[in-house]
Amino acid sequence: DKLYRELALNDLYFLLVYVLGIEFAMNDWVYERCREFEADPDGYLDLWPREHFKSTTITLAAVIQAILKDPELTVGIFSFNRPAAKGFLRVIKWHFESNARLRALFPDILWDNPEREAPKWSEDDGIIVKRQGLPKEATIEASGVIDGMPTGRHYALMVYDDVETANSVSSPEMVTKTTEMVSLSFNLGREGGRRWMVGTIYHFASTYHELIRRGAVKERKYAATKNCEFDGEPWLWSPETLRKKIRDMGTYVASCQ
């Protein structure tokens, strides 16, 4: 258990596969992305293909690891709307409640019965692990950028997952609104705080492109194939699966995804 705990705290891939039990992530692609993220996590917009584990690696495993390393941390998870953000919190909450291996390794941080013992333990109000400080923020809170954005909060770690969607690029006015609201949300970070962002680009003049242009985030991008072309060798899928996805989605949607 001592070795497992040490590895869970210092090896993101080990935590993801062997402690969180996401065994279908056991592949070279996820291993390499874990190592890349560990080496330089902050300030990036990670643009990876759908079904290539970006949310699983960053919004789930890396957030859990950050809290296990520092239970005094406060984390804000942001998506386009609040229900989407709460979906990410829901998975983390489940692991803190029901993952027997994780709970056995970190009894000093995770509650035996969080619904009864924790000061806050819900998707609406956020969840609080065992900690010494009493900040007004929960350990993790979930918010939308278009709806449900909080006020008066200051998070040490801001995690953005899919703040841009197909709906957010439906008109120039919607793109502008999304960009403004994401920019406004940056005020909820603490001075010297950290920022992670993952997503999918849907438009050549989207919110993500504007953030990259400003230097608010650095782009870390991978296509589904090694040469970034539809006829290239896929990182994870078989060529047949890739061809089927392109056929079913059409070239525009497939290019975005």
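One is the number of the first residue; the rest follow in order along the sequence.
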Task: ring-ring contact (aromatic ring centres under 6.0 Å, His included) contacts in which one or both residues fall within residues 162-196, not counting sequence neighbours - done: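 Every ring-ring contact (aromatic ring centres under 6.0 Å, His included) pair that includes a residue of residues 162-196, provided the two are not neighbours, is F37-W196, Y160-F186.
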Open item on the list: Per the ring-ring contact (aromatic ring centres under 6.0 Å, His included) rule, what does the pair list look like for residues 6-34, sequence neighbours excluded?
Closed with: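 ring-ring contact (aromatic ring centres under 6.0 Å, His included) check on residues 6-34 returns Y4-F14, Y13-Y31, F14-Y18, F24-F53, W29-H52, W29-Y222, W29-W235.
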Task: Connected hydrophobic set around F230, excluding itself, where side chains approach under 4.5 Å - done: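 Members besides F230, by chain and number: W237, L242, I246.
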Open item on the list: Clusters formed by hydrophobic residues whose side-chain heavy atoms approach within less than 4.5 Å: which one holds F204, and what are its other members?
Closed with: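 In the cluster with F204 there is nothing else; it is isolated.
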Open item on the list: Looking at every non-hydrogen atom in both residues, tell me the closest pair between L188 and M149 and how far apart they are.
Closed with: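 Smallest heavy-atom distance, with atoms named: CD1-CG, 3.9 Å.
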Open item on the list: Under a 3.5 Å cutoff, is there a donor and acceptor pairing between the side chains of S183 and R214?
Closed with: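 R214 and S183 do have a side-chain donor-acceptor pair below 3.5 Å.
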Open item on the list: As an exercise, state the distance from CZ of F78 to OG1 of T59, rounded to the nearest 0.5 Å.
Closed with: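 One finds 13.0 Å between CZ of F78 and OG1 of T59.
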Applying side chain to side chain donor-acceptor pair (under 3.5 Å), name anything that partners [X], two or more places apart in sequence or on another chain.
{"X": "E233", "answer": "K226"}
{"X": "D28", "answer": "none"}
{"X": "T56", "answer": "none"}
{"X": "R194", "answer": "D42"}

Charged N to carboxylate O under 4.0 angstrom, [X] versus [Y]?
{"X": "R213", "Y": "E210", "result": "yes"}
{"X": "K130", "Y": "D112", "result": "no"}
{"X": "R35", "Y": "E38", "result": "yes"}
{"X": "D46", "Y": "R220", "result": "yes"}

Task: Non-neighbouring partners of S238 that pass side chain to side chain contact (heavy atoms under 4.5 Å, CB included), sequence neighbours left out - done: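 Counting only residues at least two positions away or on another chain, S238 forms a side chain to side chain contact (heavy atoms under 4.5 Å, CB included) with E240, T241.
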Task: Residue pairs fulfilling side chain to side chain donor-acceptor pair (under 3.5 Å) with at least one residue in residues 248-257, sequence neighbours excluded - done: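 Applying side chain to side chain donor-acceptor pair (under 3.5 Å) to every pair that reaches into residues 248-257, excluding sequence neighbours, yields R50-Q257, Y202-Q257, K244-D248.
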Open item on the list: Just so I know, are the side chains of T178 and T207 near enough to count as touching, which here means a heavy-atom distance under 4.5 Å?
Closed with: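 Side-chain contact under 4.5 Å: yes.
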Task: Residues in salt bridge (charged side-chain N to carboxylate O under 4.0 Å, His left out) contact with D161, at least two apart in sequence or another chain - done: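 Partners of D161 under the salt bridge (charged side-chain N to carboxylate O under 4.0 Å, His left out) test: none.
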Task: Residue pairs involving residues 88-105 (criterion salt bridge (Lys or Arg N to Asp or Glu O under 4.0 Å); sequence neighbours excluded) - done: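 Checked against salt bridge (Lys or Arg N to Asp or Glu O under 4.0 Å) - neighbours excluded - the pairs reaching residues 88-105 are D1-R101, R90-E123, K93-E97.
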